[in-house]
Amino acid sequence: MLPKPTEQIELFRGGSVVSTFVGSFGSALRETRLTALLGYLIAVQPEPFLELFDFPGKAQGVRLENHHGADRSDILIETTKGVGIIEAKIGSADPFNQAKKYGAKWTVLLTNYAPSLARQKWKKGRYLSWQEVANLLDKLDRSHNANVRFISRDLHNYLEDKYMIRRREPVEIYAREINEPVTLALFLKARMYGCRYDKGSRLPEAHYFAPHFGQSIANMYPGVHVGISYISKIEKIEVVQTWHDLMNTIQTIRGKHWLNSNASIIKPLKSKWSWGGNKSRSFIFLGEPRLVFNPPVLKDQIQKGKGWLSKRFLSFDELFAGWGS
């Protein structure tokens, strides 16, 4: 049986909340912290970075803060074809003159500096933005190596926090299909929604929940209309495995009296869904459902086709655009 997820608490440094692992070492943006994490990722999974940097050959070694006489390069990569240097700068500084001193076969200038046309034609090196590195970090977030996933995600978040890259589109609304009575009552009367736990989901980032009512449930209940009508604020998200876990979680969040008063709504889940084993479920505890869209937003106005709702993360702008169409 998988262990029940533990509650995460906030970490403070100097009175400010720390949101990333690398941020726990200090609030100041330092090149050495960025290049240390980047060097670690290169050493653990070098192939995608060699491709990004356009360094030929197979990686044989990675060195951080390597000395070149009186100077020191940020990251040095040895391959079967030669030596490449990555010189990194925060902000929009140009490391061109510094990097020329190292005499490497290939050089990458990692910076948000916009090079002139003449600099872009430099034969021994190239400019690379932090956003291009961040795009690779997004891909490595799906790596089979747990360490690579963690560091890639953390470094990406740190770059966002320090405004070195553009922020990913925020997850404003989590949308799911409701097309049967038990889940409908759970949402409208108990202000809850349950679904299978998805480890890679961005559900924890969402702030609101929007159910899409299907044709079957609309046919059963005259007051329910096909599409997205309601939006409810997400107050808490919990992951449970067993029926006993769910009962304890509801009682902790809503209280024993609330659980007893809404037993007729909650208990049908016990027989309708399978419990136990290694199956985990996410339960969303919601605020009051608000009727926002009348007429409702239909699924083919926010996705291609009228099949099952496949677009689960939406922005308010997307919903209002769909409603307007």
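Both backbone and side-chain heavy atoms feed into the values below; hydrogens, waters and symmetry mates do not.
Note on Trp106: it does not cluster hydrophobically with Leu109, by side-chain heavy-atom contacts below 4.5 Å among ILVMFWY residues. By the criterion of side-chain heavy atoms lying less than 4.5 angstrom apart, applied directly or through intervening Ile, Leu, Val, Met, Phe, Trp or Tyr residues, Ile75 is grouped together with Met164 in one hydrophobic cluster. Note: the hydrophobic cluster containing Ile302 also contains Ile173 (ILVMFWY, side chain heavy atoms under 4.5 Å, direct or indirect links). Hydrophobic clustering keeps Leu128 apart from Val83 (ILVMFWY residues linked when any side-chain heavy atoms are closer than 4.5 Å, directly or through intermediates). Clustering ILVMFWY residues whenever any of their side-chain heavy atoms sit less than 4.5 angstrom apart, transitively, puts Leu309 in a cluster other than the one holding Phe213.
Ion pairing between Glu288 and Lys233 fails under the 4.0 Å rule for side-chain N and carboxylate O. Ion pairing between Arg63 and Glu78 holds under the 4.0 Å rule for side-chain N and carboxylate O. The existence of a salt bridge linking Arg119 and Asp94 is confirmed by a sub-4.0 Å separation between a basic side-chain nitrogen and an acidic carboxylate oxygen. Ionic pairing of Arg166 and Glu160 is not present here: no N-O contact between side-chain nitrogen and carboxylate oxygen is shorter than 4.0 angstrom.
A pairwise comparison of heavy atoms in Ile237 and Pro204 identifies CD1-CA, 4.0 Å as the closest pair. Of all heavy-atom pairs between Arg281 and Ser274, the closest is NH2-O, 3.3 Å. Considering all non-hydrogen atoms of both residues, Glu177 and Lys299 come closest at OE1-NZ, 2.9 Å. Scanning both residues, Ser264 and Pro268, for their nearest heavy atoms gives O-CD, 3.2 Å. The minimum heavy-atom distance between Gln98 and Arg72, with the atom names listed, is NE2-O, 4.2 Å. When all heavy atoms of Pro295 and Trp323 are compared, the pair lying nearest together is O-NE1, 2.7 Å.
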Evaluate the criterion side chain to side chain contact (heavy atoms under 4.5 Å, CB included) for residue pair Glu172 and Glu318; output intermediate values, then yes/no. CA-CA 10 Å; Glu172 294 178 326; Glu318 286 176 303; over 6 Å; no

Test side chain to side chain contact (heavy atoms under 4.5 Å, CB included) on Phe53 and Ile77 and set out the steps. CA-CA 10 Å; Phe53 300 147; Ile77 303 177; 4.1 Å; yes

With side chain to side chain contact (heavy atoms under 4.5 Å, CB included) as the criterion, how do Leu110 and Leu38 come out once you've worked through the C-alpha distance, each side chain's angles and the decisive distance to 0.1 Å? CA-CA 11 Å; Leu110 182 52; Leu38 187 58; 3.7 Å; yes

Begin with the C-alpha distance, continue with both residues' side-chain angles, and end with the deciding distance and a verdict on side chain to side chain contact (heavy atoms under 4.5 Å, CB included) for Leu76 and Tyr102. CA-CA 10 Å; Leu76 182 148; Tyr102 303 141; over 6 Å; no

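In this model, a donor atom of one side chain and an acceptor atom of the other lie less than 3.5 Å apart for Ser310 and Gln303. The closest side-chain donor-acceptor pair between Glu87 and Ser73, if any, does not fall under 3.5 angstrom. Between the side chains of Ser216 and Asn219, no donor-acceptor pair is found at a separation under 3.5 Å.
Pro46 places none of its side-chain heavy atoms less than 4.5 Å from the side chain of Val62. A heavy-atom distance below 4.5 Å is not found between the side chains of Val108 and Asp54. Using a 4.5 Å heavy-atom threshold, the side chains of Tyr174 and Leu314 count as separate. Side-chain contact check for Thr249 versus Phe285: some heavy-atom pair is nearer than 4.5 Å. Counting heavy atoms from C-beta on, the side chains of Thr79 and Lys58 never come closer than 4.5 Å.
Residues in residues 214-243 take part in these ring-ring contact (aromatic ring centres under 6.0 Å, His included) pairs, two or more places apart or across chains: Trp243-Trp275.
The backbone N or O of Ile265 sits nowhere less than 3.5 Å from a side-chain atom of Asn262 that would complete a donor-acceptor pair. Within the 3.5 Å criterion, the main-chain N or O of Pro296 finds no donor-acceptor partner in the side chain of Ser229. Asn179 places a side-chain N or O within donor-acceptor distance of the main-chain N or O of Ile217, the cut-off being under 3.5 Å. At least one donor-acceptor pair under 3.5 Å links the side chain of Arg191 to the backbone N or O of Leu286. In terms of modelled atom types and a separation under 3.5 Å, the side chain of Asn112 and the main chain of Trp130 share a donor-acceptor contact. Glu205 contributes no side-chain N or O that, together with a main-chain N or O of Arg202, makes up a donor-acceptor pair within less than 3.5 Å. Formation of a donor-acceptor pair under 3.5 Å by the Gln251 side chain with backbone atoms of Asn248 is not found in this model.
Counting heavy atoms of neighbouring residues, nucleotides and ligands inside a 6.0 Å radius, atom NE2 of His68 exceeds 12 of them. For Glu51, the CD atom is loosely surrounded, since the number of other residues' heavy atoms within 6.0 Å does not exceed 12.
Less than 6.0 angstrom separates the ring centroid of Trp122 from the ring centroid of Phe96.
When each of Arg153, His156, Arg149 is paired with Asp141, the side chain to side chain donor-acceptor pair (under 3.5 Å) condition holds for Arg153 and for no other. A ring pair (Phe, Tyr, Trp, His ring centres under 6.0 Å) with Tyr193 is found for exactly one of Phe209, Tyr208, Phe187, namely Phe209.
Counting side-chain heavy-atom gaps under 4.5 Å among Ile, Leu, Val, Met, Phe, Trp and Tyr, the cluster of Leu298 also holds Val226.
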